[in-house]
Every structure is written in structure tokens, then in C-alpha cells.
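Remarks on the structure that follows.
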Amino acid sequence: AYPYMSLKKPQDSQIQDFILSQFTQLHRLYVRDRGLIPDGNLLELPFDTLSKDPIQAVEGIYEHFGWANFDQVRPQLERYQSQNRGYKKNSFAGLHPAERKIVADRWREAFEEFGYRLEQ
């Protein structure tokens with residue numbers, strides 16, 4: 001059940017289970033249904049690829065979908081990247097080892113499907 005639809009405040013364990021279950025359900029549905037997307041209309045781009053070289057990643061997106069005029073877009077992306085050079089991604093405290101194991105166990109198939117390293 002959705003935590004905000006409860007008559008009483010859900011326990012932390014219920015919220016945790018809800019989040020983990022929702023991701024599992026969404027992942028399974030995505031993997032099941034992505035084959036319905038016509039060839040060439042889907043590109044799965046790892047976050048690491050995008051964050052390491054965003055401009056090259058966007059160029060790859062243009063190439064994949066056969067979009068023209070990336071040379072006109074590149075200067076805008078370079079300008080944006082230059083203006084945001086000092087940007088730092090948010091950092092978060094790591095999960096407790098017990099929580100890390102729960103996530104690894106519950107989301108293992110998604111991690112394996114997309115080639116992400118499981119840390120337990």
C-alpha cells in the first residue's frame with residue numbers, strides 16, 4: 001500500500017519495503033515491455049557514461065536516433081557545461097551494511113541486468 005494512503009503513520013520498515021517493492025515492480029515491467037519498443041527507438045544510457053562525458057553522451061544519443069545538427073547543439077552544451085563547472089553532485093552517507101544487503105538482495109536482478117556492481 002502507498003504510505004500516504006495509510007490511516008496511521010507507517011513504520012519505517014513499511015516505507016522501506018514499499019520503496020524496494022516499487023522499484024522491483026517497475027524494473028520487471030520495464031524489462032518485460034522494452035521489447036515492445038521498435039528497434040532503434042530505445043537507448044539505455046548508463047549514468048556513469050553520461051556523467052563522465054556529458055557532451056559525448058549527448059552526441060551518442062543524437063547518432064543513435066539519427067538526429068541531425070548536433071554541431072549546432074554542441075556549443076550550447078559546452079557553454080552550459082562551462083557555466084556549471086563548479087557543480088558537485090550531492091553526496092550522501094552510505095547505507096548501513098544491513099541495509100546494503102537488503103538492497104542488494106531485493107534489487108539483484110536489476111543490478112545484474114544493467115551491469116551495475118553489487119556492493120554488500
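Numbers here simply count residues along the sequence, with the first being 1. All values derive from a computational prediction rather than experimental measurement.
Residues T24 and S21 are not in side-chain contact: their nearest non-hydrogen atoms beyond the backbone lie 4.5 Å or more apart. With a 4.5 Å cut-off on side-chain heavy atoms, F114 and E44 count as touching. Under the 4.5 Å side-chain criterion, counting only non-hydrogen atoms from C-beta, Y80 is not in contact with I55. Using a 4.5 Å heavy-atom cutoff, the side chains of F23 and V103 are not in contact.
Put simply, F47 and L26 are part of two different groups of oily side chains (I, L, V, M, F, W, Y) that touch within less than 4.5 Å, one to the next. Hydrophobic clustering (side-chain heavy atoms under 4.5 Å, transitive across Ile, Leu, Val, Met, Phe, Trp, Tyr) groups L50 together with L43.
Residues L42 and F65 share a closest heavy-atom pair of N-CE2, 4.0 Å. A pairwise comparison of heavy atoms in W107 and I19 identifies CZ2-O, 4.1 Å as the closest pair. Residues G94 and R100 share a closest heavy-atom pair of CA-NH2, 4.3 Å. Here the closest heavy-atom approach between residue A57 and residue L45 is recorded as CB-CD2, 4.3 Å.
When atom types are taken as modelled, the side chain of Q56 and the backbone of D53 share no donor-acceptor pair closer than 3.5 angstrom.
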CA sep, side-chain torsions, deciding dist, call: Q11, Q16, side chain to side chain contact (heavy atoms under 4.5 Å, CB included): CA-CA 9 Å; Q11 298 174 0; Q16 180 185 57; over 6 Å; no

What verdict does the side chain to side chain contact (heavy atoms under 4.5 Å, CB included) test give for T49 and K52, after you've listed the backbone C-alpha separation in whole Å, the side-chain angles of each residue and the deciding distance to 0.1 Å? CA-CA 5 Å; T49 301; K52 283 180 187 166; over 6 Å; no

Start with the C-alpha distance between F18 and L20, add both sets of side-chain angles, then the distance that settles side chain to side chain contact (heavy atoms under 4.5 Å, CB included), and finish with yes or no. CA-CA 6 Å; F18 172 77; L20 294 168; over 6 Å; no

Go through it in stages, so that I can follow the logic: the residues are F70 and I61, the test is side chain to side chain contact (heavy atoms under 4.5 Å, CB included), and I'd like the CA-CA distance, side-chain angles, deciding distance and then a yes or no. CA-CA 10 Å; F70 180 75; I61 293 168; over 6 Å; no

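We find the CZ-NE2 distance between R32 and H27 to be 12.5 Å, quoted to the nearest 0.5 Å. The line from CG of L118 to NZ of K101 is 10.5 Å long, rounded to the nearest 0.5 Å.
Between R108 and E113 there is no salt bridge, since no side-chain nitrogen of the basic residue lies less than 4.0 Å from a carboxylate oxygen of the acidic one. The residues R106 and D17 are annotated as salt-bridged, a charged nitrogen and a carboxylate oxygen being separated by less than 4.0 angstrom.
Around atom CD of E99, more than 12 heavy atoms belonging to other residues, nucleotides or ligands sit under 6.0 Å away. Around atom CG of N41, more than 12 heavy atoms belonging to other residues, nucleotides or ligands sit under 6.0 Å away.
Taking the six-membered ring where the residue is Trp, Y62 and W67 present perpendicular rings, their angle passing 60° and hence far from 30°.
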